[in-house]
Amino acid sequence: MVAITLPDGSVRRYPNPITGLEVATDIGPGLARAALALRIDGTMRDLTTRLDQDTAIAIVTAKDGDDALELLRHDTAHLMAEAVKELYPETLVTIGPSIENGFYYDFCRPTPFTPADLPLIEERMRQIVERDEPITCEIWDRDAAVAFFQGLGETYKAEIISAIPAEQKITLYRQGNFIDLCRGPHLSSTAKVGKAFKLMKLAGAYWRGDSRNAMLQRIYGTAWFDKKDLDAYLHMLEEAEKRDHRRLGREMNLFHQQEEAVGSVFWHPAGWQLWRTVEGVIRRRLDANGYVEVKTPQLVDRRLWEASGHWEKFSQSMFLATSGEEELQLAIKPMNCPCHVQIYRQGIKSYRDLPLRMAEFGSCHRYEPSGALHGIMRVRAFTQDDAHIFCTEDQITSETIAFCELFKTVYRDFGFDNVRVKFSDRPEKRAGSDETWDKAEGALLEAAKAAGLETTLNPGEGAFYGPKLEFVLRDAIGRDWQCGTLQVDFVMPERLDASYIAEDGGKRRPVMLHRAILGSFERFLGILIEHFAGRFPVWLAPVQVVVATIVSSADDYALEVLGALKAAGLRAEVDLRNEKINYKVRAHSEAKVPVMLVVGKREAEIKSVAMRRLGGSEQEILALDDAVAKLAEESKPPA
RNA sequence: GCUGCCGUAGCUCAGUUGGUAGAGCAUACCCUUGGUAAGGGUAAGGUCGAUGGUUCGAUUCCAUUCGGCAGCACCA
């Protein structure tokens, strides 16, 4: 006798052990059809799992959201592997997990896949779905499984099995003629995958994620429970492409990049205006929060980088400067901290000087790998909104709290409300003793807790000199971006010999907190462009208002309006071209100017303007003075 | 850096099975003075990413190289 408890608390009793699928069938044929898997103790299990003792189960259907999608995507990955093995039997299979929005599978084969292969594989996948092949789980002996895959020539699979801890069961899943090592769970049949999937792209990927290993062929796909969801996802991708900052940068004439300066940005007037607006926000906040601003040299002798430890770890990605005249040992600075320590070291510091918050809009250069470059989001020449807080150990907590308040305010100003925090602890390659790291990690975690932050652990991802908090914001279309950071550093002050005189007259080491709110201007501006899809709020927009005439007899008045706007501090332009108003409205709408003031004969006569908002179809007739006052108010950046 | 794909006018793209190229938009000029997302006409605009090779002849074929895109690896 087994008693099966369902989520609603009801209990069903059966005389003999029973499978989840049988329970579902017993409840109703509709549920049996919809059933995908079971959840037992919070773990997903196969629908065919045999229940031989009293158990509480939930039957998972497509309505179960992420869990169900993960299952589906994992199955679609297997389905793809089966199709690939049928079409290209010489291909070796490796792993194929579900990921956000879809799945991938890594294959090994002598000749790479081409984009033309994708539709063929997709078609075969549909055929396998129609075949309705049952997916069954088998428990194998480890040695037998290794021998089995070796026998098939599937060396990667054999290697994976060998690496599974001895106490774990080896489960293989069989569908048709395809058999794969897998932890499961899986759907009960290939038919349950349905047809709302699509293979998206080909890419290379290193075996086990290590660049020293062979490169495999990865195929990415997306999978959903119904076609509507698939279409919605594909539509979302199209929308994301439309707001790509590289495209908008060109269309809105914000910046450009070219071969002669790979990894750098040519900022055009409009883009630079955006930069200056953002910089202004940060500068005002720094001033209001007790920071001092400095500027440090671009070229710094290699000795300083050797002393700081950066040379040892990063010399490969530092630019070196030579003069042609003599042997120079200068590096173009890849970061600002050692320079800030030099300013700190001028004169004797007292505990009364701490915390000393030293900020710089620091222009840095790093030779990033070519493949890492991406528009203005990842460049070789960038400007950080950097600052280093020199403080005592006792001040770490209060400084962390103050910084968290600061970045939240700034992010909110730019329209980002959703921010998560990651805590990255000691990496393998690091400076400083274990005791120092214990202290730094402990202090940072405690401070994060005191600041009311919930953190998720990012193991081994800290900087070489200390642990970090990383601030991840979510943009308007749900993508996550890591921007801000706060890092505790006990190492750099030691290496570069920074000290202060404590209350008792003794000499002490300060702690350095490295912190940035935006990260780099280039990256943050790229994110802003994509977040707003180029439709900036008035205070951020490079051009805030365009005055457009309907007839040339209104030209003089239009210039008067322009003058009034400029006098009120607005970034305004005038369009007197010999074009119809329809044309002008379209042109400036496409340029994403937030406000248009249209003037014709009527407006010129009574000194009014017809105000039109980007994307709207309404017009508002206002007296010139009122319009200017209203826009001046709207265009104020956050205080 | 690695794997794959791509590089034709300012932009989006067509084309040449090897005989040095075409459209739309944008630009300039002319006509049009028009009331809220493209009025009409004319013109100008390209050593087809670069270098080398094969060829009577290369934008087209081959090699190398630079740059871009997607992913991987990297990210002080």
Side-chain angles (χ1 to χ4, degrees), chain A residues 104 106 111-117 200-220 241 244 246-247 250-251 253 256-260 262-263 305 308-318 333-338 364 366-375 378-380 382 384 386 427 429-431 461-466 468 482 485 487 489 491-492 514 519-520 523 548-555 578-591 596-603 610-619:
Chain A
Y104 67 79
D106 286 346
T111 51
F113 291 110
T114 70
D117 293 325
M200 303 298 286
K201 57 197 170 198
L202 293 166
Y206 297 109
W207 168 236
R208 301 207 146 152
D210 189 326
S211 59
R212 287 165 301 192
N213 289 342
M215 182 153 274
L216 307 171
Q217 307 271 323
R218 176 173 296 180
I219 303 180
Y220 283 93
E241 200 184 318
D244 187 306
R246 292 162 297 190
R247 176 193 185 127
R250 187 181 59 239
E251 289 176 357
N253 198 9
H256 86 270
Q257 297 178 282
Q258 66 184 52
E259 283 191 34
E260 287 78 3
V262 172
W305 307 108
S308 70
H310 291 99
W311 186 266
E312 191 194 348
K313 194 162 192 297
F314 294 110
S315 61
Q316 286 305 301
S317 47
M318 282 162 73
K333 75 171 171 188
M335 42 144 39
N336 310 299
C337 10
C364 297
R366 297 176 186 173
Y367 190 79
E368 302 287 2
S370 58
L373 301 177
H374 178 82
R378 185 85 183 268
V379 284
R380 288 182 177 150
F382 55 96
Q384 296 175 316
D386 203 5
K429 257 183 107 177
R430 58 179 183 263
E461 294 292 316
F464 76 89
Y465 49 69
K468 7 181 200 182
Q482 196 235 300
T485 181
Q487 309 170 4
D489 181 2
V491 174
M492 205 64 58
H514 306 240
S520 93
R523 179 176 162 83
T549 52
I550 293 171
V551 290
S552 54
S553 60
D555 285 3
N578 177 13
E579 297 288 354
K580 288 200 163 64
I581 193 61
N582 291 14
Y583 180 89
K584 294 184 183 181
V585 165
R586 180 181 157 83
H588 300 297
S589 297
E590 286 193 331
M596 279 185 79
L597 297 183
V598 175
V599 296
K601 216 180 282 176
R602 295 203 294 270
E603 287 77 11
M611 184 153 75
R612 183 189 210 280
R613 301 281 178 169
L614 176 59
S617 53
E618 305 287 299
Q619 64 167 338

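Throughout, a chain's letter reflects where its sequence line sits, starting with A, and its residues are numbered from 1. Model, not experiment: these values are computed from the prediction.
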Handout entry: Donor-acceptor pair, side chain of R523(A) and main chain of S520(A), under 3.5 angstrom
Key = no
Exercise for the section: In whole angstrom, give me the gap between the C1' atoms of A23(B) and G15(B). Expected result: 11 Å
Exercise for the section: Using side-chain hydrogen bond (donor to acceptor under 3.5 Å, both in side chains) as the criterion, list what pairs up with K580(A), not counting sequence neighbours. Expected result: none
Fill in the blank from the handout: In 5'-to-3' order, the base (B), backbone-only (S) or no-contact (-) status of each nucleotide in nucleotides 36-44 of chain B, using a 4.0 angstrom heavy-atom cut-off, is BBBB-----
Problem - Partners passing side-chain contact (heavy atoms from CB on, under 4.5 Å) against E618(A) (at least two apart in sequence or in another chain) - result: none
Problem - Where RNA chain B forms stems, i.e. three or more consecutive Watson-Crick or G-U pairs with both distances under 3.5 Å - result: B:1-7 with B:66-72, B:10-13 with B:22-25, B:27-31 with B:39-43, B:49-53 with B:61-65
Fill in the blank from the handout: Applying side-chain contact (heavy atoms from CB on, under 4.5 Å) to M215(A) and not counting sequence neighbours gives Y206(A)
Exercise for the section: Taking atom P in both C74(B) and U65(B), compute the distance separating them and give it to the nearest angstrom. Expected result: 26 Å
Exercise for the section: Between C66(B) and U51(B), how far apart are the P atoms? Round to whole Å, please. Expected result: 15 Å
Handout entry: Flag, side chain of Q217(A) to backbone of L202(A), donor-acceptor distance under 3.5 Å
Key = no
Handout entry: Same-atom distance (C1') from C48(B) to A43(B), integer angstrom
Key = 23 Å
Completion exercise
By side-chain hydrogen bond (donor to acceptor under 3.5 Å, both in side chains), R586(A) pairs with (sequence neighbours left out) E590(A)
Practice task
For U64(B) versus C2(B), give the span between their P atoms, rounded off to a whole number of Å.
Solution key: 13 Å
Exercise for the section: Please identify each residue that fulfils side-chain contact (heavy atoms from CB on, under 4.5 Å) with T111(A), with sequence neighbours left out. Expected result: R109(A)
Problem - Residue list, ring pair (Phe, Tyr, Trp, His ring centres under 6.0 Å) with W311(A), at least two apart or on another chain - result: none
Exercise for the section: Pick base, sugar-phosphate or nothing for K584(A), based on heavy-atom distances below 4.0 Å to the nucleic acid. Expected result: nothing
Problem - Distance between C1' atoms of U54(B) and C62(B) (Å, rounded) - result: 7 Å
Handout entry: Partner residues of E579(A) under the salt bridge (charged side-chain N to carboxylate O under 4.0 Å, His left out) criterion, sequence neighbours left out
Key = none
Exercise for the section: Taking atom C1' in both G18(B) and G24(B), compute the distance separating them and give it to the nearest angstrom. Expected result: 29 Å
Practice task
Measure from CZ on R247(A) to P on G10(B) and round the result to the nearest Å.
Solution key: 19 Å
Fill in the blank from the handout: Contacts of D386(A) meeting side-chain contact (heavy atoms from CB on, under 4.5 Å) (sequence neighbours excluded), chain-then-number -> N336(A), Q384(A), H388(A)
Practice task
Go along nucleotides 63-76 of chain B 5' to 3' and tag each nucleotide: B for a protein heavy atom under 4.0 Å from its base, S when only backbone or sugar atoms are that close, - otherwise.
Solution key: ---SSSSSBBBBBB
Handout entry: Residues in ring pair (Phe, Tyr, Trp, His ring centres under 6.0 Å) contact with H256(A), at least two apart in sequence or another chain
Key = F266(A), H268(A)
Handout entry: Nearest-Å distance once atom C1' is located in both U59(B) and A44(B)
Key = 23 Å
